[in-house]
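These notes concern the structure reproduced below.
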Protein chains: 2
Amino acid sequence: MPRARINNRIRRLRFDHDEMTQEELAGRAGCTRQTIIALEQGKYVPSIELAFKIARAFGVTLEEVFQYEE
Amino acid sequence: MPRARINNRIRRLRFDHDEMTQEELAGRAGCTRQTIIALEQGKYVPSIELAFKIARAFGVTLEEVFQYEE
DNA sequence: ACTAAATGTCAAGTACTTATTACATTTATT
DNA sequence: AATAAATGTAATAAGTACTTGACATTTAGT
């Protein structure tokens, strides 16, 4: 598959949610802390399922967290 | 990662788009025909990137194509 | 009925996502 | 300065997404 051009606003959303910790987010999203770290660092793009869970953890839509860069 | 609870409306969207063929959709989304077939059959869930491309091929949002069930 | 287009199946292989475990570093707090 | 909390790093391993290629079946048009 093509070069991933997906970026995310996880770091920003954590900030906006009273500086929610990575561990707290991981817990809510049902993944590990390391996964959150890697996502924030842009090391990879999550599966759709995890993306939906992260969005839900912040109470926003998937597209408010992840964007396809042209 | 958890059991994928993502379903899609690709078949329906193709129908609504004047019965766009799987090959035509694959071309627009930049994937193979076999991938479209497998997705319609629910054999797996696409990457976010492919999901965005498919949505774009139909001119709708990602969430209009893919839904997280419960 | 023929033919072509569309859809489906199968198998092998590559690349990526994510968990796990364990340790290191940075940033508060007191 | 000491401790604890938060963040970062790294390596292994398992499972999944997707391509490629080749062949089979179904559907539609003439």
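Every chain is numbered from 1, with letters handed out A, B, ... down the list of sequences. What you see is a predicted model, and the numbers here were worked out from it, not measured in a lab.
Here A:Arg12 pairs with A:Asp16 under the side-chain hydrogen bond (donor to acceptor under 3.5 Å, both in side chains) rule; sequence neighbours left out. By the side-chain hydrogen bond (donor to acceptor under 3.5 Å, both in side chains) test, B:Thr32 is found to be paired with B:Thr35, residues two or more places apart in sequence or in another chain being considered. The salt bridge (Lys or Arg N to Asp or Glu O under 4.0 Å) test applied to B:Arg28 returns B:Glu24, not counting sequence neighbours. Applying the salt bridge (Lys or Arg N to Asp or Glu O under 4.0 Å) criterion to A:Arg11, with sequence neighbours excluded, gives A:Glu19. When the side chain to side chain contact (heavy atoms under 4.5 Å, CB included) test is applied to B:Glu63, the partners found at least two apart in sequence or on another chain are A:Phe52, A:Thr61, A:Leu62, A:Glu63, B:Thr61. Applying the side chain to side chain contact (heavy atoms under 4.5 Å, CB included) criterion to A:Gln22, with sequence neighbours excluded, gives A:Arg14, A:Arg33, A:Ile36, A:Ile37, A:Glu40.
Contact of the B:Ile48 side chain with the A:Pro46 side chain is registered, since non-hydrogen atoms from C-beta on lie closer than 4.5 Å.
Rounded to the nearest 0.5 angstrom, B:Cys31 SG and B:Glu49 CD are separated by 11.5 Å. The structure places CG of A:Asn7 at 11.5 Å from OH of A:Tyr68, a figure rounded to the nearest 0.5 Å.
Regarding A:Tyr44, its OH atom lies at a distance of 16 Å from the P atom of D:dT16, rounded to whole Å. The distance from atom CD1 of A:Ile48 to atom P of C:dC16 is 17 Å, rounded to the nearest whole Å. At whole-Å resolution of the value, CD1 in B:Ile37 and P in D:dA17 are 17 Å apart. The distance from atom CD of B:Glu49 to atom P of C:dA15 is 16 Å, rounded to the nearest whole Å. Atom CD of A:Glu40 and atom P of D:dT9 are 12 Å apart (whole Å). Rounding to whole angstrom units, NZ of residue B:Lys53 and C1' of D:dA17 are separated by 14 Å. Atom P of nucleotide C:dT25 and atom CD of A:Gln41 are separated by 16 Å, given to the nearest angstrom. The distance from atom CD1 of B:Ile54 to atom P of D:dC18 is 8 Å, rounded to the nearest whole Å.
Judged purely by atom type and a 3.5 angstrom limit, A:Asp18 has no side-chain atom pairing as donor or acceptor with the backbone of A:Met20.
Contacts with DNA chain C (heavy atom under 4.0 Å) in residues 10-27 of chain B: B:Arg14, B:Thr21, B:Gln22, listed by number.
Taking every side-chain heavy atom of B:Val45 into account, D:dA17 is the closest of C:dT9, D:dG8, D:dA17.
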Between the protein and nucleotides 20-24 of chain C, which nitrogen or oxygen pairs are less than 3.5 angstrom apart?
unit_1, atom_1, unit_2, atom_2, d
C:dT21, O4, A:Gln34, NE2, 3.1
C:dA22, N6, A:Gln34, NE2, 3.0

Short N/O separations, protein against nucleotides 27-29 of chain C, under 3.5 angstrom:
none

Considering only nitrogen or oxygen atoms on both sides, find all protein atoms under 3.5 Å from nucleotides 27-30 of chain D and state each distance.
none

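Of the side-chain N and O atoms in B:Ser47, none sit less than 4.0 angstrom from OP1 or OP2 of C:dT17.
Rounded to 10 degrees, the angle between the two end axes of the helix from C:dA1-D:dT30 to C:dT30-D:dA1 is 50°, with five pairs used at each end.
Contacts classified as ring-ring contact (aromatic ring centres under 6.0 Å, His included) and involving residues 7-40 of chain B (residues at least two apart or in different chains) are given here: B:His17-B:Phe58.
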Criterion side chain to side chain contact (heavy atoms under 4.5 Å, CB included) on A:Tyr44 and A:Leu39, from CA distance to verdict: CA-CA 6 Å; A:Tyr44 56 71; A:Leu39 290 176; 3.7 Å; yes
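The two residues A:Glu64 and A:Leu13 come nearest to each other via the heavy atoms O-CD1, 4.2 Å.
A 6.0 Å sphere centred on CZ of A:Arg9 holds no more than 12 heavy atoms belonging to other residues, nucleotides or ligands.
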